[in-house]
Amino acid sequence: MTETRLDRAPALDDIELGDPRFFARADVDAAFARLRAESPVHRTRDLGEPAGPDFWSVTRYDDVRAVSRDFHTFHNAPNMTIEDYQRSGNSILHLDPPEHTQLRLVVNKGFTPRMVERMADDVRARATALLDAVTDDGQWDLVGAFAAELPLQVICALLGVPEADEPWLLDCLVRVFGVSDPANDLPISERIRVMEELGTYAHELGAARLDEPRDDLTTVLVHAEVEDDDGERHGLRPGDYARFFSTLAAAGSETSRNGIAHGVWLLDRHPDERARLLADPDAVFPTAVEEIVRYASPVMHMRRNVARDAELAGQPLAEGDRIVIWYRSANHDETVFEQPERFDVTRQPNDHLGYGAGGPHFCLGAHLARLEIRVALEELYGRFPDVAVADDPERAAMRQINGIKRLEVSTRPR
């Protein structure tokens, strides 16, 4: 009899999704299989630093979709208005419609499929230039030299960030948004200082675009108008713009960075699938990218707050409860995906939740992430068809991002 993930899963009492260190284990997906089968809405202790209140882990595909689409019952932030948002220091990710929709529309036009496709040549040129720097035979870190650099360069170009500032910005993003990784031992006071530096930088860049508009998202943001709770229209306040800037910079790099790294790791582990991909790249790359995102789920979860008493999968939920919807688990739900543990570069259909589960918070940059992952892998395997992973990936111990911090590969030019 073939062993299943459930056979390898830890006992329910040993599953600690509230502990960032748990995600460095090899049996995380088996643990999710146990939860889907036995406790699909599971009471979970928050063991982060600092620890928060307990929360409910939602692990089945249909339940994750239901929570994502019902923003009346499941809020990002209870009853937060535009003014509350401006005072809180939170990002657009913490808003609900109609306020979230209003702010999202400010930048939505820059991420449509047509606008993103116009960027393909630029993304490809940047990928080629990065690979030009590693054409010598040898071993190198794919994340540091390529997977992290490419999406950062692209989002910086969109925002109008000068090339000379990109290394500093990447360092800030890693220190602030990688805070749950124990290896990133950043005191809260230092994190606040870095966030303030990011805010100051955003203000200065925005002020420059007010005086001298350019064809970039920063210009769009500083010249945009929103409607407040009294129906008055005004431009984005400085704090709004700074939060937008930080959110776009971080979100614009994380999914693609880890999608590229996981893609190389998965294709190395599944040589038959890599052979299928490289035998017909034009036909297979689109489905391969979707399968990489499904299988790896670079963004593993999002959090919601229960706005009114409800029930989910038979579990009563009380107003004020916290819940976490696990995309990584939903993307391996046996009731939706045939043989979900199998990595299949031609999988169809593949209605995964790697960019969110629909509703108002579906990933704004999904089209851009798809393009970046596809172009990165096309150029990498076009240049180095025999690229091989030299060592196991160094993973980030994080609850939200399925991150690879380092991936050593060896290459030999064609």
Side-chain angles (χ1 to χ4, degrees), residues 2-49 51 54-61 63-64 143 178-184 254-255 257-259 261-270 291-303 323-337 339-344 352-357 389 391-407:
T2 304
E3 185 183 50
T4 67
R5 279 178 171 169
L6 197 56
D7 298 323
R8 304 189 298 271
L12 278 179
D13 290 344
D14 295 328
I15 299 175
E16 297 285 6
L17 299 183
D19 185 350
R21 295 168 297 182
F22 184 82
F23 294 92
R25 295 173 50 152
D27 58 358
V28 173
D29 291 313
F32 278 124
R34 172 82 67 198
L35 291 174
R36 289 193 300 272
E38 300 178 10
S39 184
V41 181
H42 186 69
R43 191 75 177 181
T44 305
R45 294 184 301 162
D46 190 328
L47 301 175
E49 295 290 344
D54 290 357
F55 58 89
W56 297 101
S57 284
V58 180
T59 55
R60 288 179 180 169
Y61 183 97
D63 295 331
V64 170
V143 175
V179 70
S180 63
D181 183 352
N184 182 25
E254 281 294 348
T255 300
R257 163 187 173 155
N258 290 299
H262 277 285
V264 174
W265 167 243
L266 287 168
L267 290 166
D268 187 84
R269 292 183 65 199
H270 300 86
E291 178 68 345
I292 289 166
V293 174
R294 179 197 74 86
Y295 199 97
S297 298
V299 177
M300 292 193 289
H301 82 256
M302 284 291 177
R303 196 183 80 185
I323 63 174
V324 169
I325 47 177
W326 291 97
Y327 303 133
R328 180 171 177 176
S329 178
N331 283 338
H332 290 261
D333 191 326
E334 302 81 0
T335 66
V336 177
F337 301 98
Q339 294 183 291
E341 72 281 0
R342 180 173 177 238
F343 178 67
D344 179 1
H352 65 78
L353 308 183
Y355 300 111
V389 173
D391 201 357
D392 285 347
E394 181 184 348
R395 298 183 181 274
M398 298 176 67
R399 289 184 295 190
Q400 187 165 24
I401 303 297
N402 188 10
I404 293 179
K405 297 195 294 184
R406 187 175 183 86
L407 185 66

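The first residue of the sequence shown is numbered 1, and numbering continues consecutively from there.
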message = Strictly distance-based, threshold 3.5 Å: is any side-chain N or O of T59 a donor or acceptor partner for the main-chain N or O of P40?
response = yes

query = Has the side chain of R36 got a donor or acceptor atom that lies under 3.5 Å from a matching backbone atom of R60?
reply = no

key: F32 and F23 aromatic ring geometry - parallel, tilted or perpendicular at 30°/60° bounds   = tilted

task = Look at the side chain of Y295 and the backbone N and O of P340, then say whether any donor-acceptor pair between them is shorter than 3.5 Å.
result = no

message = I want to check something: taking the side chain as every heavy atom from C-beta on, are T255 and I401 in contact at a cut-off of under 4.5 Å?
response = no

request  = Anything under 30° is parallel, anything over 60° is perpendicular, the rest tilted; go ahead and classify H270 against F343.
outcome  = tilted

inquiry  = Testing the basics here: between R5 and H332, what is the closest heavy-atom pair and its distance to 0.1 Å?
reply    = NH1-ND1, 2.8 Å

inquiry  = Donor-acceptor pair, distance only, cut-off 3.5 Å: does the side chain of D63 make one with the backbone of V58?
reply    = no

ask   = Between I404 and N258, which heavy-atom pair has the shortest distance, and what is it?
value = N-OD1, 2.9 Å

ask   = Got more than 12 heavy atoms from elsewhere within 6.0 Å of CZ, R45?
value = no

request  = Indicate the atoms forming the closest heavy-atom contact of L47 with R399, along with that distance.
outcome  = N-NH1, 4.2 Å

query = So, does R294 use its side chain to make a donor-acceptor pair with the main chain of N331 at under 3.5 Å?
reply = yes

query = Any donor-acceptor pair under 3.5 Å linking the side chain of H42 with the backbone of L17?
reply = no

task = Quick one: pull up CD in E341 and CG in L6 and give me the separation to the nearest 0.5 Å.
result = 11.5 Å

ask   = What's the shortest heavy-atom distance between A30 and P10, and which atoms?
value = C-CD, 4.5 Å

query = Taking all non-hydrogen atoms of both residues, which atom of Y355 and which atom of V293 are closest, and how far apart?
reply = OH-CG2, 3.5 Å

ask   = If you take all heavy atoms of R342 and E291, which pair is closest and at what distance?
value = O-OE2, 3.3 Å

